[in-house]
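A short write-up of the structure that comes next.
Only this structure's heavy atoms are used, side chains among them; waters, hydrogens and symmetry mates stay out.
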There are 2 protein chains.
Amino acid sequence: MITIYTIFSAMRFSHQRETIRKIVNSTNSHPTADWVFSRAKRSIPKISLGTVYRNLKRLEKTGDLRTIYDGSIARYDWNTKPHDHLKCKECGDLMDVHLLDEGIRSDVKKKYKFAVDDVKMTIIGTCQKHK
Amino acid sequence: MITIYTIFSAMRFSHQRETIRKIVNSTNSHPTADWVFSRAKRSIPKISLGTVYRNLKRLEKTGDLRTIYDGSIARYDWNTKPHDHLKCKECGDLMDVHLLDEGIRSDVKKKYKFAVDDVKMTIIGTCQKHK
DNA sequence: AGTATATATAGTAATCATTCCTATTATTAT
DNA sequence: ATAATAATAGGAATGATTACTATATATACT
Ligand SMILES: [Mn+2]
Ligand SMILES: [Mn+2]
Ligand SMILES: [Zn+2]
Ligand SMILES: [Zn+2]
């Protein structure tokens, strides 16, 4: 008797992944993997950091979130629509803003013969809190 | 007999630092610390990687170069004037462009009450070589 | 509902870039 | 030339991220 199973791996449900997705979706703070990890431990005490990293990567691949780099460390953003960031060098906060319109993409194409996929902009400075 | 020396440390000349400065100044490729290290070894075979890092940091502080982050890894740029970058995701090349004018800085200030120090923009895409 | 199969996990080790530490070397004011 | 100390080489330590693996879990099929 022969049983045939699917050849290509399907993504299975996991409580860990769902928890991680909800955590990232619930904040505007662009959290680090470690922050997501400590939050996830509240509901899944035995979750491991590796699981957090693996699923954050997975969720990026499926388009549920995007990774942004703050200096050398990765932060995760539920907002996958094009937008920019204000980075406060006093408190480290990273805030969403929308500065670049669609026009700049076609500008770049014309000027530099470069196939544009994404435009990343971060404004470094000091936020209102510090004055 | 009492001898008084300066209390505050002055920066001394070092062949290592001069070599590192020249290496960074000689390329438009936005090299990594490791690339600078392997280049430096040609003229100073016993130079250590720690010395490269320490001096790159020092040279940034004195305004001789700036650090840019390509994902999570640091690259060094002799061009300290405001400019932007095209990042090719095929070959990894990072190229200089000038896209943002001064106007955008004052725009940000008006819109977001944020004291702007620097605007970092990277355009991700594919360069001419790949078609 | 029970079983088979493969995916996902926890826990831990490994990796990689970067920083730190320290005995020795090199620069520079006198 | 000497003394003071900044800078270095070499290696250890760190911190974020990834890789490995035995076990647990989800799910397709009886
Ligand atoms: Mn954002
Ligand atoms: Mn540049
Ligand atoms: Zn702030
Ligand atoms: Zn290219």
> Lys61(B) NZ to dA7(D) P: how many Å, rounded?
Replying inline: 12 Å
> Among side-chain atoms of Asn79(A) and His30(A), is any donor-acceptor pair under 3.5 angstrom?
Replying inline: no
> Between atom CZ in Phe37(A) and atom P in dG15(D), what is the gap in whole Å?
Replying inline: 16 Å
> To the nearest angstrom, how far is Ile73(B) atom CD1 from dT18(D) atom P?
Replying inline: 14 Å
> Asp70(A) CG to dA16(D) C1': how many Å, rounded?
Replying inline: 14 Å
> Per the side-chain contact (heavy atoms from CB on, under 4.5 Å) rule, which among Gln128(B), Lys129(B), His130(B) passes with Cys88(B)?
Replying inline: His130(B)
> Mind checking whether Arg66(A) and Asp118(A) have side chains closer than 4.5 Å, heavy atoms only?
Replying inline: yes
>> Whole angstroms only, please: what is the NZ-P distance between Lys41(B) and dG10(D)?
In response: 11 Å
>> With a 3.5 Å distance limit and no angle check, can you tell me whether Thr27(A) reaches the backbone of Val24(A) through a side-chain donor-acceptor pair?
In response: no
> Looking at side-chain heavy atoms only, is the closest gap between Trp78(A) and Asn28(A) below 4.5 Å?
Replying inline: yes
Output a table of nitrogen or oxygen pairs between the protein and nucleotides 8-12 of chain C separated by less than 3.5 Å.
from: dA8(C); atom 1: OP1; to: Arg12(A); atom 2: N; distance (Å): 3.1
from: dA8(C); atom 1: OP1; to: Arg17(A); atom 2: NH2; distance (Å): 3.4
from: dA8(C); atom 1: OP1; to: Arg58(A); atom 2: NH1; distance (Å): 3.4
from: dA8(C); atom 1: OP1; to: Arg58(A); atom 2: NH2; distance (Å): 3.4
from: dA8(C); atom 1: OP2; to: Arg58(A); atom 2: NH2; distance (Å): 2.6
from: dT9(C); atom 1: OP1; to: Ser14(A); atom 2: OG; distance (Å): 2.7
from: dT9(C); atom 1: OP1; to: Asn55(A); atom 2: ND2; distance (Å): 3.2
from: dT9(C); atom 1: OP2; to: Arg54(A); atom 2: NH1; distance (Å): 2.2
from: dT9(C); atom 1: OP2; to: Asn55(A); atom 2: ND2; distance (Å): 3.3
from: dT9(C); atom 1: O3'; to: Gln16(A); atom 2: NE2; distance (Å): 3.0
from: dA10(C); atom 1: OP1; to: Gln16(A); atom 2: NE2; distance (Å): 3.3
from: dA10(C); atom 1: OP1; to: Lys46(A); atom 2: O; distance (Å): 3.4
from: dA10(C); atom 1: OP1; to: Ile47(A); atom 2: N; distance (Å): 3.4
from: dA10(C); atom 1: OP2; to: Ser48(A); atom 2: N; distance (Å): 3.1
from: dA10(C); atom 1: OP2; to: Thr51(A); atom 2: OG1; distance (Å): 2.4
from: dG11(C); atom 1: OP1; to: Lys46(A); atom 2: NZ; distance (Å): 2.8
from: dG11(C); atom 1: OP2; to: Lys46(A); atom 2: O; distance (Å): 3.4

> Roughly how many Å is it from NZ in Lys57(B) to C1' in dC20(C), rounded to a whole number?
Replying inline: 11 Å
> side chain to side chain donor-acceptor pair (under 3.5 Å) with Asn55(B): which of Arg17(B), Glu60(B), Gln16(B)?
Replying inline: Arg17(B)
> Do the side-chain N or O atoms of Tyr53(A) get closer than 4.0 angstrom to the phosphate oxygens (OP1, OP2) of dT17(D)?
Replying inline: yes
> For the pair made of CG in Asp34(A) and P in dT14(D), what is the distance, rounded to whole Å?
Replying inline: 17 Å
> For Glu18(B) and dT27(C), what is the distance between atoms CD and P respectively, to the nearest whole Å?
Replying inline: 12 Å
